Peer 1: 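Got a structure for you, questions after.
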Number of protein chains: 2
Amino acid sequence: MPQKKPGQSNIDMQQLADMAGVSRATVSRALNDSPLVNERTKDKIRELAEKHHFVMNETARNLRLQRSNMICVVLMHDVELSHHLSDPFFLRMVGSVVDHLAESGHDLMLYHKPVTSAAEFLAARVYRQCDGAIFIGQGMIHEELNKLAGYQKPIVVWGADLPGRDYRIVGSDNVMGGELATQHLLSQGCKRIAFFGDIRKPELALRHEGYTNALRHAGIEPDSSLQLDPPMERGAAESIIDNFLENKPGIDGIVCSSDMLAASAISCLQRHGISVPSQVAVTGYDDLEIGARINPTLTTVSQDVSGGGKQLVKKMMGLLAGKKVRDSIRDTSLVIRESSLRKG
Amino acid sequence: MPQKKPGQSNIDMQQLADMAGVSRATVSRALNDSPLVNERTKDKIRELAEKHHFVMNETARNLRLQRSNMICVVLMHDVELSHHLSDPFFLRMVGSVVDHLAESGHDLMLYHKPVTSAAEFLAARVYRQCDGAIFIGQGMIHEELNKLAGYQKPIVVWGADLPGRDYRIVGSDNVMGGELATQHLLSQGCKRIAFFGDIRKPELALRHEGYTNALRHAGIEPDSSLQLDPPMERGAAESIIDNFLENKPGIDGIVCSSDMLAASAISCLQRHGISVPSQVAVTGYDDLEIGARINPTLTTVSQDVSGGGKQLVKKMMGLLAGKKVRDSIRDTSLVIRESSLRKG
DNA sequence: TGACACTTTGCAATCGATTGCAATAGAATG
DNA sequence: CATTCTATTGCAATCGATTGCAAAGTGTCA
């Protein structure tokens with residue numbers, strides 16, 4: 001339909017006013033259900049508006065009202081490594097945020113370019129147009145987020161509580177998550193447990209901290225040679241894991257920082273003829289839907305993603321209302337979802 | 001940061017003009033790199049703008065220019081069944097669309113409420129604010145999409161070529177996808193092949209059509225009792241599959257309409273002591289990242305999602321430019337990604 | 001009938017950018 | 001020096017809604 005069909009579109013407020021025999025002011029009030037307008041007049045206007053498919057110009061409205069009711073959501077995933085979005089965590093989070101924003105009468109704009117500096121984001125059209133921004137992840141730009149928090153529009157970040165932080169965060173307790181996973185393996189009788197994940201990333205560093213805490217608490221001294229950082233890309237990841245497994249024959253458990261990684265680890269183990277979980281037990285992180293559908297079922301740390309999205313939106317709404325808002329780290333509950341199978 | 005730090009924000013164009021000793025008109029021209037403005041003047045204005053973190057009011061700009069540069073993307077997944085977004089297909093598609101929109105100088109607004117009528121969507125703020133809408137999936141609202149296509153703003157839909165269609169579509173060839181999967185199983189020696197998927201959904205109906213085509217071509221008459229529609233929810237799905245497997249002992253292959261479903265099917269088969277793929281071979285659809293990481297590797301029909309997103313954006317840009325635009329069904333290439341294991 | 005209260009409507013300014021046209025300055029030309 | 005041309009810049013209208021204030025309409029009561 002390259003050409004608009006005449007008569008079905010482009011009814012503007014003036015035409016609507018003319019048809020109803022009133023002024024634009026009255027039409028505006030009627031459509032906003034103002035108590036100043038007579039009920040019969042309102043009904044007539046609403047009826048005409050619907051009949052003629054009147055679509056109000058939201059841009060003009062936003063200009064006048066000095067807001068856009070739009071929140072920008074920035075996906076801070078590793079763009080270099082996984083240029084195509086493959087981590088379902090982001091979709092679940094975005095889904096939760098968009099739903100909760102809708103409940104608050106807001107819409108969502110998505111931003112997917114890698115943000116490396118505050119200035120760059122300030123210049124982006126999405127920033128110019130939104131009322132505030134929610135970052136899913138901190139990437140490596142903690143300092144830039146600090147700057148951004150000082151400018152015009154409020155920001156809220158899903159991430160970890162880094163030192164010297166000026167922006168508001170929502171996050172799950174990654175230390176506890178790491179502890180839960182490790183404790184689970186310890187309770188299955190594991191003694192020599194590896195950790196798979198990139199500890200340069202703030203959230204994963206905390207999970208690793210939880211991992212070492214749990215080990216020490218069990219009287220086991222963490223061995224830094226058991227920490228491995230497989231890349232995102234599958235082929236590379238699996239060859240690195242294969243290599244690791246050949247050089248570290250003694251391990252009997254692996255704490256993985258994601259379900260995707262856990263799936264690769266399990267697959268590599270099985271290829272090496274190692275039985276999972278009876279010889280080596282594995283935990284993941286994120287509770288992917290599909291993890292429960294595979295065999296053996298993936299044991300995983302489940303974050304309350306929906307609750308996290310809700311908190312992000314709640315904090316954002318607080319900031320928009322000019323309130324003082326606190327961080328929210330514990331509000332998001334963590335549980336371990338156990339495999340149906342246990343280490344024999 | 002409930003309070004904005006003074007001096008770091010709210011610089012408006014007038015103040016910038018005053019500092020530069022020019023009028024607002026010149027500032028506007030300078031920031032838009034108009035050739036009418038002296039280069040030295042431009043540089044001074046740009047420098048001041050950056051120094052004072054000037055953020056232009058995009059809403060005012062949009063109002064004046066009569067466009068928003070925003071495209072609304074509507075996720076038409078089964079909200080009743082999977083209220084939480086769990087299908088990674090959507091994320092990959094949204095990711096591709098947002099990236100290609102960015103290349104075309106556009107931003108993306110996400111819409112996630114179930115759309116059941118054209119009127120409802122016309123009244124949504126996202127519609128009032130966007131330049132056009134992209135629907136990911138047709139849901140059950142083919143007729144409503146027809147209406148929508150006749151109104152103010154262009155729409156493009158990811159979906160199937162339904163009869164009596166007035167809107168532009170982009171899609172992969174689902175009939176061929178169904179054929180590919182079925183042919184793969186036939187080539188593995190399967191004779192009695194089931195189909196798992198909801199054939200009320202247009203795209204899945206076409207995959208089912210490809211399935212029957214392939215069977216007939218191999219001289220096998222399709223048996224409608226071998227079509228099953230497991231629900232989205234895992235527990236319910238698996239009990240229905242279990243039940244099916246007990247009543248249909250003769251099958252040796254299953255064509256699944258999604259990888260998620262295939263994972264459940266494999267899991268159920270294994271629970272029944274049936275070896276996959278040697279006794280019963282299974283194919284999925286979507287090529288989920290994690291499918292390649294599990295054991296046995298999932299054989300699946302891989303759609304070129306990124307290419308699909310690119311086409312959606314291309315068609316939308318064409319419509320926005322007032323061009324006549326054709327549907328695009330074959331542009332998206334389909335391949336079967338085989339399991340590392342084969343039916344013995 | 002006139003005064004007053006209350007309901008309903010319209011007028012016109014406003015939000016912040018863009019841009020056609022007019023105006024100015026300075027250079028080039030006759 | 002007067003004139004024409006070009007390069008910059010400013011003035012002011014414009015986009016389409018909202019809203020304070022004024023005004024018109026309706027009803028009540030003395």
Side-chain angles (χ1 to χ4, degrees), chain A residues 9-46 48-49 52-70 105 122-123 125 127-131 152-153, chain B residues 9-46 48-49 52-70 105 122-123 125 127-131 152-153:
Chain A
S9 51
N10 288 341
I11 303 290
D12 67 18
M13 208 178 241
Q14 183 62 64
Q15 296 177 46
L16 198 58
D18 291 347
M19 290 189 297
V22 298
S23 69
R24 300 200 326 268
T26 301
V27 172
S28 170
R29 291 196 182 96
L31 295 178
N32 286 303
D33 202 19
S34 158
L36 289 177
V37 178
N38 184 291
E39 283 302 329
R40 280 199 313 282
T41 312
K42 272 191 206 174
D43 285 343
K44 194 203 312 180
I45 292 173
R46 282 196 279 238
L48 283 167
H52 294 87
H53 305 294
F54 171 70
V55 174
M56 187 183 292
N57 185 320
E58 190 73 14
T59 304
R61 182 166 211 263
N62 287 342
L63 173 60
R64 179 58 223 242
L65 298 178
Q66 294 293 292
R67 55 165 176 63
S68 72
N69 279 320
M70 283 195 297
L122 284 181
R125 206 173 38 224
Y127 184 76
R128 303 201 297 251
Q129 204 155 186
C130 69
D131 292 343
Q152 277 187 35
K153 302 178 180 182
Chain B
S9 51
N10 286 343
I11 303 290
D12 67 17
M13 208 179 242
Q14 184 62 62
Q15 297 177 45
L16 197 58
D18 292 347
M19 290 187 295
V22 297
S23 70
R24 299 200 327 269
T26 300
V27 172
S28 170
R29 291 196 182 96
L31 295 177
N32 286 303
D33 202 20
S34 157
L36 288 176
V37 178
N38 184 292
E39 283 302 328
R40 282 201 311 283
T41 312
K42 273 190 205 174
D43 285 343
K44 193 202 314 179
I45 291 172
R46 281 196 280 239
L48 283 168
H52 293 87
H53 305 294
F54 171 70
V55 174
M56 188 182 294
N57 184 320
E58 190 73 16
T59 304
R61 183 166 211 265
N62 287 343
L63 174 59
R64 180 57 225 241
L65 298 177
Q66 293 292 292
R67 54 164 177 62
S68 71
N69 280 320
M70 284 196 296
L122 284 181
R125 204 172 40 222
Y127 185 77
R128 303 202 296 252
Q129 204 154 188
C130 69
D131 292 344
Q152 278 187 34
K153 302 178 179 181

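So that the names make sense, note that chain A is the first sequence line, chain B the second, and so on, each numbered from 1. Just so we're clear, the structure is a prediction, and the values are computed from it rather than from any experiment. What you see below is based on every heavy atom in this structure, not just the backbone, and it leaves out hydrogens, waters and symmetry mates.
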Peer 1: Quick one: pull up OG in B/Ser23 and CG in B/Asp18 and give me the separation to the nearest 0.5 Å.
Peer 2: 10.0 Å
Peer 1: Who pairs with A/Tyr127 by ring-ring contact (aromatic ring centres under 6.0 Å, His included), at least two apart in sequence or on another chain?
Peer 2: A/Phe121
Peer 1: Just verifying a value: how many Å separate B/Leu65 CG and B/Glu58 CD, rounded to the nearest 0.5 Å?
Peer 2: 8.5 Å
Peer 1: For a 4.0 angstrom threshold against heavy atoms of chain B, report the outermost contacting nucleotides of DNA chain C in 5' to 3' order.
Peer 2: C/dG16 to C/dC21
Peer 1: Can you tell me which residue among A/Ile45, A/Asn38, A/Leu16 is in a side chain to side chain contact (heavy atoms under 4.5 Å, CB included) with A/Val22?
Peer 2: A/Ile45
Peer 1: Residues two or more places apart in sequence or in another chain: which of them pass side-chain contact (heavy atoms from CB on, under 4.5 Å) with A/Asp43?
Peer 2: A/Arg46
Peer 1: Heavy atoms under 4.0 Å, any strand shown: does A/Asn62 hit a base, just sugar-phosphate, or nothing?
Peer 2: nothing
Peer 1: DNA chain D: B/Leu65 or B/Thr26, which has the more 5' nearest nucleotide?
Peer 2: B/Thr26
Peer 1: Over the length of the helix from C/dT1-D/dA30 to C/dG30-D/dC1, how much do the five-pair end axes diverge, rounded to 10 degrees?
Peer 2: 60°
Peer 1: According to side-chain hydrogen bond (donor to acceptor under 3.5 Å, both in side chains), who are the partners of B/Asp131, at least two apart in sequence or on a separate chain?
Peer 2: B/Ser68
Peer 1: Any side-chain donor paired with an acceptor under 3.5 Å for A/Gln129 and B/Asn62?
Peer 2: yes
Peer 1: Begin from the C-alpha positions of B/Arg61 and B/Asn32 and carry the test side-chain contact (heavy atoms from CB on, under 4.5 Å) through to its verdict.
Peer 2: CA-CA 11 Å; B/Arg61 183 166 211 265; B/Asn32 286 303; 2.6 Å; yes
Peer 1: I'd like a table of atom pairs between the protein and nucleotides 4-8 of chain D - only N or O on both sides, under 3.5 Å - with the distance next to each one.
Peer 2:
none

Peer 1: If only atom types and distance count, is the side chain of B/Arg125 paired as donor or acceptor with the main-chain N or O of A/Met70 below 3.5 Å?
Peer 2: no
Peer 1: Pair A/Glu39, A/Lys42 - check side-chain contact (heavy atoms from CB on, under 4.5 Å), show working.
Peer 2: CA-CA 5 Å; A/Glu39 283 302 329; A/Lys42 272 191 206 174; 3.3 Å; yes
Peer 1: Specify the residue among A/Val22 and B/Thr59 whose closest nucleotide of DNA chain C lies further upstream toward the 5′ end.
Peer 2: A/Val22
